[in-house]
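The sequence lines fix the lettering, A, B, ..., with proteins before strands; numbering per chain opens at 1. Quick note: numbers below take in every heavy atom, side chains included, and nothing from hydrogens, waters or symmetry partners.
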Amino acid sequence: MSESLIEESILSRPTYGTLAIAPGLAHYFVADASGAECVIRVAEAAPRDFMEKVHILYVPTPGENALITALYALGAKRFEHFPTIDDAVARLGDWLSDARMGSQLYLAGTETLIGKAVAAAEECGLDHSAVQCEHRGSLARRVQCVHCKTMIEKVTTQPVKCPSCDLLLLVRDHYSRRLAAFQGVCINAEDPTEDIEIREVFK
Amino acid sequence: MSASDHLIPVVVSKVVEVNSIIKRFEFKHVDGDELPAFSGGAHIVVEMLDGPTKRKNAYSLMSSPFERGQYAISVRRDDDGRGGSKFMHEKVEAGMKMKISPPVNLFALDLRAKKHLMIAGGIGITPFIAQMTQATELGVPFELHYAARSASQAAYMDSLQDRFGDQVSCYCDDAGGGPDLVGLLSDQPLGTHVYVCGPRGMIEAVVQTATGLGWPAAHIHFEHFLSPPVGQAFSVHLAKAGIDITVGPEQSLLEAIEASGTPVNCLCRGGACGQCETKVVSCEGDIAHNDHWLDDEQRASKQFIMPCVSRFRGERLELDL
């Protein structure tokens, strides 16, 4: 999969880097199918004893097995895979609640995976400087409707209709690290009859 | 503007000889008023009028942050220093009136911490005594590791173990040495913050060990006040004031500037906080940078000086004051 194509925007819109090994006693990786290659790249370039300190959580795409096999073959101390991001992030919370200072977290994949894992890690007391993120895959956004607070997953269009309150939402670059979501605000509040074209922009 | 512009008149309410090198001083407001609130890790600046010499030294508050009727500090006697601690030990008695600055905290507990790990060396114990009282009240787990040269010099060691039980571990150089830093820093729950106060070598060892193990910088806190070093007398020209001043051998540049009545920012008076950073207009000679504030590039440029701890040797130094 190609590298991330996120454009520069306002300060709150997250930007991501490239995973690289940091000093640490334990290294936690969370990836989805689009980010698996990043985990493999880091592991293959790592010093020999590195994998003994590595814990990997993986969210495959349904029916896909090749990457599971490849990640398993890296020989991490722990490797588990889960069908959904939420399940994997919940497991990350279990792991981090027993973790020690000197832990590093590496996240690779879509923004939803990255955002949810960052929020869970912060809750466990992991400093943001111990978290590295590499974006891969879809630019689909997790959006919170600011009016009814509904979370809308995998938003690819601008604007997007809130499935709960039916308002037409402008998806802003304003991002909440706590909620791991972008802000969606009614785009035609002055004139609800205004006709606005819905285009697919977050691919 | 500096904290010491608004000094508080106090009376020395008690002087206690803790051991052969450390005395505790307690202060109350001269009018019996409540003293300003502070948090664990805060320090005050004590003004000492020793004949014609005015000294100002910073000392950490060790009394309870929840007790505003009085403040307590502990002073370690340093016979090779500029005379501040010697003055406190020899001249200050109960009933004496003095002036202190309001408290300032450059070494506060990070209240987001899930646990506080405190490492003290020698007289560096004092800020932790206030912090442990605060952490206990807040109900946040903490651990203190306190190293001293010998049991006889380890101020408050027994009373801290009585008060805080097995949350306090003590080490003496004459009985096995200090804590195993790698072991200690490798086994702390996520969300722990480490705080260290003590000799320079101890601070460096803790910061380097923690960083090497992967601790984020934001979780590592340290405080190291320097005493202004003694040295040869030198002259300085203050460009805005248009005057020349002389800094005596046991005086700091900051004290000499203050004595001339020229306004200058300052806070910690120990090379740590950065408030007194001053621009150098011209410098023919060498600045002895003794602070923890300026980086190597700033030092090499000879365009900045921290008057609280740094000195000068050479032909001419002109400051933007």
Fill in: Closest heavy-atom pair and its distance - B:Lys114, A:Glu123
NZ-O, 3.1 Å
Fill in: Neighbour count >12 (heavy atoms, 6.0 Å) for atom CG, A:Leu11
no
Item to complete: Write down the atom of A:Leu96, the atom of B:Leu190, and the distance for their closest heavy-atom approach.
Response: O-CD2, 3.7 Å
Worksheet item: Above 12 or not: heavy atoms from other molecules or residues under 6.0 Å from CZ of B:Phe222?
Response: no
Worksheet item: Do the non-hydrogen side-chain atoms of B:Pro189 and A:Met101 ever get within less than 4.5 Å of each other?
Response: no
Worksheet entry | Neighbour count above 12 (heavy atom, 6.0 Å) for B:Asp296 CG | no
Item to complete: Go through the atoms of A:Ala99 and report whether side chain, backbone, both or neither lie under 4.5 Å from a heavy atom of chain B.
Response: both
Item to complete: May I ask you to check whether over 12 heavy atoms, not counting those of A:Glu190, lie within 6.0 Å of atom CD?
Response: no
Worksheet item: Quick check: are there more than 12 heavy atoms from other residues, nucleotides or ligands sitting under 6.0 Å from CZ of A:Arg177?
Response: no
Worksheet item: Do you know the tightest heavy-atom contact between B:Gly212 and A:Pro23?
Response: O-CB, 3.7 Å
Discussion item. With rounding to the nearest 0.5 angstrom, report the CZ to CG distance, B:Arg112 to A:Asp127.
Written reply: 7.5 Å
